[in-house]
K.L.:
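Quick one: the structure is below, and I'll ask about it shortly.
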Amino acid sequence: MTFYFRMTLILSLLIVWTGIGRASIIKVPQDFPIIQDALDIAEGGDTVMVVAGIYTGDGNRDLNFYGKALTMVSEGGSDLTIIDCGAGFDTVSARGFIFENGEDSTASIKGFTIKNGGIFSIGHIPSGGGGAYIINSSPLFVDCIFENNVVDPGPKKSIATVTESLSGGAVLCDSNAAPYFRDCIFRNNLVWVGGGAVYCYQAAPVFDNCQFINNFALRGPGAAILCDSLSDAAVNSCTFYGNYVEQGYGSGIGCRSGSHISLTSSIIAYNLGTDAVYCDSTSGVDVFCSNLYGNSDGDWTGCVASLNDSNSNMCMDPVFCDTAAADLHLAAASPCAPLNNMCGCLVGALPVGCMWEYVCGDANGSGSVNLLDVTFIIGYLYKNGPAPEPEGAADPDGSGNIDLLDITFLIDYLYRGGTPPICPNR
């Protein structure tokens with residue numbers, strides 16, 4: 001074999017070898033108009049990139065990775081890239097995703113809205129998880145919105161026995177499932193029995209920086225999350241708001257049958273129908289640096305009753321920016337802001353976000369101007385108190401500096417009919 005021939009052969013083999021190891025990016029709809037077709041052709045390590053749009057119909061729902069380590073990512077983000085399952089009482093039962101082949105965190109979904117998934121019949125196996133069904137698998141979901149997913153037995157519910165298997169409006173985590181959800185939103189999902197957003201059966205999901213908004217369970221426990229049958233969930237830096245249990249317990253989370261939930265740096269506030277947290281006698285919830293407040297039938301009750309005064313927990317108005325618009329960012333004076341609590345960390349999923357939408361002179365961010373704003377400025381200037389956010393709210397004389405003159409200006413306005421606050425940059 002000549003030297004030239006040997007070098008040519010080696011070079012050819014190197015080209016083939018390096019080509020085999022190179023991951024591909026497959027685009028939808030440019031390369032394949034149907035998402036499942038792209039997932040089917042993709043190999044481990046590949047990325048399926050989906051252009052912004054609404055994807056519906058067969059091949060764009062009940063999506064399955066079939067055990068492959070794939071990344072499915074949107075090009076335009078979750079607000080613009082929507083998987084509409086199109087399920088309904090008069091149409092079909094359908095989900096957004098099915099993970100059932102042992103996928104781990106190398107199987108990831110990033111930047112999608114998964115909506116209108118639904119399971120609508122008694123006897124449908126498995127009968128839960130309108131947005132995603134996950135069994136013995138641990139996929140990663142990042143920046144995803146699970147919205148308007150429903151698990152309901154439909155017309156048969158009046159004549160049939162409804163069991164706990166009709167659970168998990170958005171997600172059903174089943175049998176050794178350990179999915180990870182980061183920066184996800186679960187809103188307006190509905191379930192017949194337990195876990196309006198998420199139901200866990202012998203599972204260990206993790207939720208980081210997630211929001212649970214206006215989820216509904218006709219029967220509890222757990223309007224947002226229900227952990228059942230030796231499940232062990234971690235809930236970190238999450239916000240629960242407006243979730244509702246009509247019958248039962250746990251308007252935020254529920255825990256039963258030997259299960260456990262760790263709740264850290266989270267807010268459960270203004271949920272409806274019952275108390276914030278429920279666990280039966282065999283289960284437990286550990287709570288650290290969290291705020292339970294304003295829930296319709298109690299905050300620190302039942303299995304968490306003794307935790308209000310420990311682990312830097314609190315029961316205080318979180319002062320959300322605009323609940324009418326479901327904006328759960330924090331006002332500057334929120335006790336959940338890092339500068340304002342004993343943990344020194346952000347509590348809840350969202351940081352201070354309405355800092356420029358303030359009432360001039362409202363130094364403490366309460367929404368009105370009163371004597372407490374005077375004491376807030378005094379505390380800031382002379383007692384090492386928290387800083388106003390934004391600083392302009394505590395500068396009612398508009399000088400550009402926060403000083404003693406701002407205190408006298410507010411007093412003059414409040415009690416002597418003085419000039420209204422004239423904060424800068426309004």
Side-chain angles (χ1 to χ4, degrees), residues 35-36 54-65 72 78 81-100 109 112-135 137 139 141 144-157 162-175 177 179 181 184-201 203 205 207 210-220 222-228 242-246 254:
I35 296 175
Q36 188 62 59
I54 299 175
Y55 296 84
T56 191
D58 292 341
N60 291 318
R61 59 192 179 199
D62 294 319
L63 299 170
N64 199 319
F65 282 28
M72 180 175 158
S78 56
T81 317
I82 300 168
I83 296 171
D84 187 341
C85 301
F89 289 108
D90 299 322
T91 53
V92 296
S93 290
R95 296 181 169 91
F97 291 90
I98 299 172
F99 287 98
E100 58 184 354
I109 310 295
F112 290 86
T113 290
I114 302 109
K115 65 186 295 186
N116 298 329
I119 307 300
F120 294 103
S121 62
I122 292 174
H124 191 288
I125 305 296
S127 54
Y133 172 62
I134 306 166
I135 181 170
S137 301
F141 288 84
C144 288
I145 300 171
F146 293 86
E147 182 175 54
N148 296 333
N149 299 288
V150 178
V151 174
D152 191 302
K156 295 181 181 179
K157 63 187 170 218
V162 180
T163 68
E164 279 72 7
S165 60
L166 286 161
S167 299
V171 176
L172 170 57
C173 304
D174 196 358
S175 302
F181 299 88
C184 292
I185 300 173
F186 300 82
R187 66 186 177 210
N188 300 326
N189 300 288
L190 180 149
V191 74
W192 184 249
V193 180
V198 180
Y199 174 69
C200 310
Y201 178 84
F207 303 90
C210 293
Q211 300 174 63
F212 296 83
I213 305 171
N214 297 339
N215 299 288
F216 173 79
L218 179 65
R219 302 179 186 176
I225 299 175
L226 172 58
C227 281
D228 201 358
N243 303 287
Y244 175 42
V245 167
E246 184 169 309

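Everything numeric here is computed off the predicted structure, so don't read it as measured data. Index from 1, following the sequence.
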K.L.:
If you define the side chain from C-beta out and look only at heavy atoms, does anything of C144 sit under 4.5 Å from S78?
P.N.:
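Answer no - side chains too far apart.
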K.L.:
Is it the case that the side chain of R95 and the backbone of G128 share a donor-acceptor pair, with hydrogens and angles ignored and the cut-off at 3.5 Å?
P.N.:
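Yes; judged by distance alone, with no hydrogens or angles, the pair exists.
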K.L.:
For residues R219 and V193, determine if any side-chain heavy atom of one lies less than 4.5 Å from a side-chain heavy atom of the other.
P.N.:
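Yes; the side chains approach each other to less than 4.5 Å.
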K.L.:
Would N214 and R187 count as a side-chain contact (heavy atoms from CB on, under 4.5 Å) here? Give the steps.
P.N.:
CA-CA 6 Å; N214 297 339; R187 66 186 177 210; 5.5 Å; no
K.L.:
Within a radius of less than 6.0 Å around OH of Y133, do more than 12 heavy atoms belonging to other residues, nucleotides or ligands occur?
P.N.:
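Check passes, neighbour count above 12.
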K.L.:
Measure from the side-chain N and O atoms of E147 to the backbone N and O of N188, and report whether any donor-acceptor pair falls under 3.5 Å.
P.N.:
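Between the backbone of N188 and the side chain of E147 there is no qualifying donor-acceptor contact (under 3.5 Å).
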K.L.:
With the side chain counted from C-beta on, respond yes when F112 and L63 share a heavy-atom pair under 4.5 Å apart, and no when they do not.
P.N.:
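No. Closest side-chain heavy atoms not under 4.5 Å.
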K.L.:
May I ask you to test the I134-P139 pair for a side-chain heavy-atom distance under 4.5 Å?
P.N.:
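Yes. Closest side-chain heavy atoms under 4.5 Å.
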K.L.:
Return the minimal non-hydrogen interatomic distance between P179 and C173, and the atom names on each side.
P.N.:
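Smallest interatomic distance, heavy atoms only, reads CG-SG, 3.6 Å.
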K.L.:
Looking only at atom types and distance, does a side-chain atom of S167 sit under 3.5 Å from a main-chain N or O of G195, one as donor and one as acceptor?
P.N.:
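The answer is no, because no donor-acceptor pair under 3.5 Å joins these two groups.
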K.L.:
Using the ring of each side chain (for Trp, its six-membered ring), is F146 parallel, tilted or perpendicular to F186, with breaks at 30° and 60°?
P.N.:
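F146 and F186: parallel rings.
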K.L.:
If I take atom CG from residue D84 and atom CG from residue N148, how far apart are they, to the nearest 0.5 angstrom?
P.N.:
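Result: 9.5 Å between the selected atoms.
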K.L.:
Quick one: are Y199 and V191 in side-chain contact, heavy atoms under 4.5 Å?
P.N.:
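Side chain of Y199 against side chain of V191, heavy atoms only: no contact under 4.5 Å found.
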K.L.:
Could you pull out the closest heavy-atom pair between N116 and N149, with the gap in Å?
P.N.:
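Where N116 meets N149 most closely, the heavy atoms are N-OD1, 3.5 Å.
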K.L.:
How about F207 and F212: are their ring centres within less than 6.0 Å of each other?
P.N.:
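F207 vs F212: aromatic centres under 6.0 Å.
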K.L.:
Strictly distance-based, threshold 3.5 Å: is any side-chain N or O of N215 a donor or acceptor partner for the main-chain N or O of A224?
P.N.:
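It does not hold such a pair.
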